[in-house]
Trainee: 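Below you will find the structure I want to go over with you.
So you know, we letter chains A, B, ... as the sequences are listed, proteins then strands, and number each from 1.
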Amino acid sequence: MVEDFPKFHEIESPIRTFISKRVIGIDQNTSVQEAAKKMVEFNVSCLMVVKNDEIVGLITNDDLKKRVIAKGRKPSIPVKEIMTSDLITADIGISVKDALETMATKNIKHLPVKEDNEIVGMLTFSDLIDVQKQKLETHISRE
Amino acid sequence: MKILHISDTHIGGARYFDKKALEHVVKESKKGSYDLLIHSGDVTQEGKKRHYENADKILFSRLEIPYVVIPGNHDKRSGGIALYKEHIGSPNGVLELEDSVIVHVDSGVQDSDMGRVGMIKFDMMRNALRKYHKKSIKVVVLHHHTIPVPMAGRERNVLSNAGDLLDLFLKFDVDLVLSGHRHYPNVYHIDGTVFVNAGTASGKKTRYGDANSYNVIHVDEKRLSVETRRISGEKDVDKKEYPRHEQRIFFDFGKRVFRIIHVSNTFISTSNIFKRRHFFNAQDIINSLKGDLLIHCGGIVKDGIPKDYDLAQKYMKEFDLPVVYSPAGRDINYLGYDLYEDHFGDIDQDFTADDVYIKGISSAQYDTPEGIIGEVQRERLFYQLNQRDESFKCIFLHHNVLPIPHAREKGLLEDSGDFLREAVDEQVELILTGTSSHPFAAQVGKTVVVNANSLSSIYQRSLFGNSFNVIDVYEKVLVVSEISSLWGTRRTLGIWERNNQSEQ
Ligand SMILES: [Fe+2]
Ligand SMILES: [Fe+2]
């Protein structure tokens, strides 16, 4: 669930209220092609990678581009071969400002969010932008 | 943590107040090893000085555990709020208790039975939740209910901004919302939040022959349980238990069984209230989505006049999947009732496919935006549903059954309390509605409730713009997405495990 873009006066507020709390994942042995299909079907830019109910990594749009297509690898390889497994995560209590700063300094667009050491959601930069973009589009499309 | 939740003691004269029942509660508070007592309002019958003095003498001064209390509408009668402050204390506040926090807010309006949480109190709550959101148990206490409760008659929702409150509680992962006022115990589990209504602990005005009652609430790391105990009477104890942590990552969906396109408020007409470009873009997108069924939750035309109906019929024909409809008030206004049947068929429509049963129920009345199903219709509806063997059952109607963010109560079905209770108890898997033009989805018990934004009217309330929903029923999960009418961009409103799954 993508929430509204934080208003500037709410930039100090915890990311808890802005994260997607129901996140789409994929089994680590699924093929890259299946993963790409799932990303297209649900219009998401990343998937959590799961092994026996445990989260073991993340794959993103960029990974598909850089680690598969650009390298000429086959779409039939399992996602575990191209996923990012050293996850940079954020605590659910940090502010939006700090989360954005983490994303900027680590150069990542997806931030899995933890509460009591468990991943409970995802903060996605492009989702936040998307909502903002929609707002703009709503203005543009006034008839 | 163990909480003794009482409400509506109505301490006053013997006509309204049962002293023995209160005595029972006070004794329970001493022997039940509780951490906290919460009183969700209507401490007194009339907010008079002698009632407050009595409340102190026979209730509060005898408690040996910490307690939280808020005023109810009765406590604010005849200027009683000043006496409340004098005898009990601040009507609003925040209590920090080890790893929990209790935010309690006066939702009453002076000399009125209505409830309101105005901007200042709303901000107060939000600030408190923001400050204490990392507490492991978050409790909110309000006298008036946020979610429609059964047996409430027309008083479906007395908090006019209930939708915003619901949104606030869900966003902050509040664990418990405690209320009273209706004198009828009720519990709902909505996504991660449990909404509890207490019956009256010692008021003589109980409802529908129910006895006086109180709730015993247990919260531990993994579970939250609510036990309603009757002080006397046959039905002794109701116990409900819920997991405290919801599934957050979904990866095993199984095969897709059925795809529903869910639209509302198209407002087809020659007027500029109808956005043609949005409608036709959405139509192309919908046709490309290859759904199994399109459900139109009403607001088909702008007005119930021949010109609009003829146009609507022409435009709706261009969808290349089956369509079922349920009317809004505006659809059956003027000549609409007859036009509707001529152009779109029966008022109550249904659809059957392999193991799928979808049933429309008209909630509209002509000449008014207010909606109601009515007792006879409701009985018939659930009787019909129970006759069916399909494992996936869905009900659709125009009016909301849950309060919708950014919208006031007028779109809410008048008998939403009774309807929602029954649908949840019968484990109807999906309810689709289409008022208030704001997308929203939440799971109540095992029932997913989804509201659609307006597809193509200038009146809509979402930053995402006009939109419609896609409900994908997979073998193991239900995925609800919102799709922009104009651009086709998609976002997920929610994913839930299906009824047929083991988790309980
Ligand atoms: Fe009461
Ligand atoms: Fe009340």
Trainee: Is it the backbone or the side chain of I24(A) that comes under 4.5 Å from a heavy atom of chain B, or both, or neither?
Mentor: both
Trainee: Check each atom of L129(B) against the heavy atoms of chain A and say whether the ones under 4.5 Å are side chain, backbone, both or neither.
Mentor: neither
Trainee: What closest approach, in Å, do K21(A) and K171(B) show between heavy atoms, and which atom pair accounts for it?
Mentor: NZ-O, 2.8 Å
Trainee: Nearest 0.5 angstrom please: E118(A) CD to H245(B) NE2, how far?
Mentor: 7.5 Å
Trainee: Take a 6.0 Å sphere around CD of E81(A) and say whether it holds more than 12 heavy atoms from other residues, nucleotides or ligands.
Mentor: yes
Trainee: For F280(B), does the CZ atom sit with more than 12 other heavy atoms under 6.0 Å from it, leaving out its own atoms?
Mentor: yes
Trainee: Is any NZ, NE, NH1 or NH2 atom of the basic residue among K134(B) and D91(A) found under 4.0 Å from an Asp or Glu carboxylate oxygen of the other?
Mentor: yes
Trainee: Hey, could you give me the CD1/CD1 distance between I249(B) and I26(A), rounded to the nearest 0.5 Å?
Mentor: 13.0 Å
Trainee: Rounded to the nearest 0.5 Å, how far apart are OG of S95(A) and CZ of R130(B)?
Mentor: 11.0 Å
Trainee: Is it the side chain or the backbone of E482(B) that comes within 4.5 Å of chain A heavy atoms, both, or neither?
Mentor: neither
Trainee: With a 4.5 angstrom heavy-atom cut-off, is it the side chain or the backbone of V479(B) that approaches chain A, or both, or neither?
Mentor: side chain
Trainee: I'd like to know if R22(A) and E497(B) make a salt bridge, using a cut-off of under 4.0 Å between side-chain N and carboxylate O.
Mentor: no
Trainee: Which distance, rounded to the nearest 0.5 Å, do you find between the CE of M48(A) and the CZ of F250(B)?
Mentor: 13.5 Å
Trainee: Which heavy-atom pair separates P14(A) from F172(B) by the least distance, and what is that distance?
Mentor: CG-CE2, 4.3 Å
Trainee: Between V120(A), D27(A), T30(A), which has the largest tally of heavy atom pairs under 4.5 Å with chain B?
Mentor: V120(A)
Trainee: I want to check a possible cation-pi pair here: K38(A) against F253(B), using under 6.0 Å from ring centre and within 45° of the ring axis as the test.
Mentor: yes
Trainee: Could you list the donor-acceptor pairs under 3.5 angstrom formed by side chains in residues 49-64 of chain A, with sequence neighbours left out?
Mentor:
residue, atom, partner, partner atom, Å
T60(A), OG1, D62(A), N, 3.4
T60(A), OG1, D63(A), N, 3.2
T60(A), OG1, D63(A), OD1, 3.4
T60(A), OG1, D63(A), OD2, 3.4
D62(A), OD2, K109(A), NZ, 3.2
D63(A), OD2, T60(A), N, 3.0

Trainee: Determine the option with the most heavy-atom pairs under 4.5 angstrom with chain A, choosing from N272(B), L168(B), D173(B).
Mentor: D173(B)
Trainee: Does atom CG of N107(A) have more than 12 heavy-atom neighbours from other groups under 6.0 Å away?
Mentor: no
Trainee: Within this structure, what is the OG-CG distance for the pair S481(B) and N43(A), rounded to the nearest 0.5 Å?
Mentor: 9.0 Å
Trainee: Flag the pair E115(A) / R248(B) as yes when at least one side-chain heavy-atom distance between them is below 4.5 Å, and no otherwise.
Mentor: no
